[in-house]
Amino acid sequence: MFRRIIRKRRSSPTLAGISLEEELALIRVELMYGLRVNREAYLRRKVDERIEMATRMREREPAEMLADLRGSLERSVRPTVVDLHSRRPARPTQDPEPA
């Protein structure tokens, strides 16, 4: 059923086409939340975001972009490492006597 839906909606590949993964995600949203996703609006927004990103990349120096990236990485929350061995209850050194 889903293959038939995907084949019907997929058009020839273009610069700003919907990939198979994106199409599956859109179908999942439609099924889970009962929404209807407008594919044309989605593609327009995707093109706009791509143009905006290209504009940002052209206007900035690589060193400036690297500094911003480094700053955002430093601000990100470091994952907490949990030692599972310390949380396990201590095992008795001897086996309990059989009942």
Side-chain angles (χ1 to χ4, degrees):
M1 177 178 149
F2 290 121
R3 289 181 185 169
R4 193 167 6 122
I5 292 171
I6 292 171
R7 281 191 196 130
K8 286 181 182 178
R9 291 185 181 172
R10 287 182 72 186
S11 60
S12 62
T14 60
L15 181 63
I18 298 176
S19 69
L20 181 60
E21 291 82 10
E22 289 172 320
E23 182 67 29
L24 290 173
L26 294 175
I27 291 171
R28 190 177 303 123
V29 166
E30 289 178 344
L31 292 174
M32 288 177 64
Y33 301 107
L35 300 174
R36 179 77 182 127
V37 178
N38 183 343
R39 301 300 195 269
E40 291 176 18
Y42 177 82
L43 282 174
R44 278 195 300 275
R45 182 172 180 153
K46 188 175 173 180
V47 168
D48 291 344
E49 288 175 355
R50 182 174 287 157
I51 291 170
E52 181 183 343
M53 181 57 70
T55 303
R56 284 184 185 178
M57 298 290 282
R58 270 188 251 114
E59 292 175 351
R60 299 179 68 189
E61 293 294 321
E64 186 182 345
M65 289 188 290
L66 181 62
D68 282 351
L69 181 60
R70 187 173 288 138
S72 66
L73 287 173
E74 289 171 355
R75 287 188 302 272
S76 68
V77 178
R78 292 182 179 170
T80 304
V81 177
V82 177
D83 183 13
L84 296 178
H85 291 290
S86 66
R87 291 186 170 228
R88 288 187 183 156
R91 298 177 107 189
T93 54
Q94 291 181 328
D95 291 335
E97 293 185 26

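Residue numbers run from 1 in the order of the sequence given.
One finds no salt bridge joining Arg28 and Glu21 here, because no Lys/Arg side-chain nitrogen approaches an Asp/Glu carboxylate oxygen to under 4.0 Å. Ion pairing between Arg56 and Glu52 holds under the 4.0 Å rule for side-chain N and carboxylate O.
Ile18 and Met53 fall into different hydrophobic clusters, defined by Ile, Leu, Val, Met, Phe, Trp and Tyr side-chain heavy atoms under 4.5 Å apart, directly or through other members. If you chain together hydrophobic residues whose side chains sit under 4.5 Å apart, Leu73 and Leu66 never meet in one group.
Checking side-chain atoms of Glu22 against main-chain N and O of Ser19 turns up a donor-acceptor pair under 3.5 Å. At least one donor-acceptor pair under 3.5 Å links the side chain of Glu30 to the backbone N or O of Val37.
Atom CG of Leu31 is separated from atom CG of Leu24 by 10.5 Å, given to the nearest 0.5 angstrom. Note that CD of Glu74 is 10.0 Å distant from CG of Leu69, once rounded to the nearest 0.5 Å. Here the straight-line distance linking atom CD of Glu59 with atom CE of Met65 works out to 11.0 Å at 0.5 Å rounding. To the nearest 0.5 Å, atom CG of residue Asn38 and atom CZ of residue Arg45 are 12.5 Å apart.
Environment of CD in Glu64: crowded, with over 12 heavy atoms of neighbouring residues, nucleotides or ligands closer than 6.0 Å.
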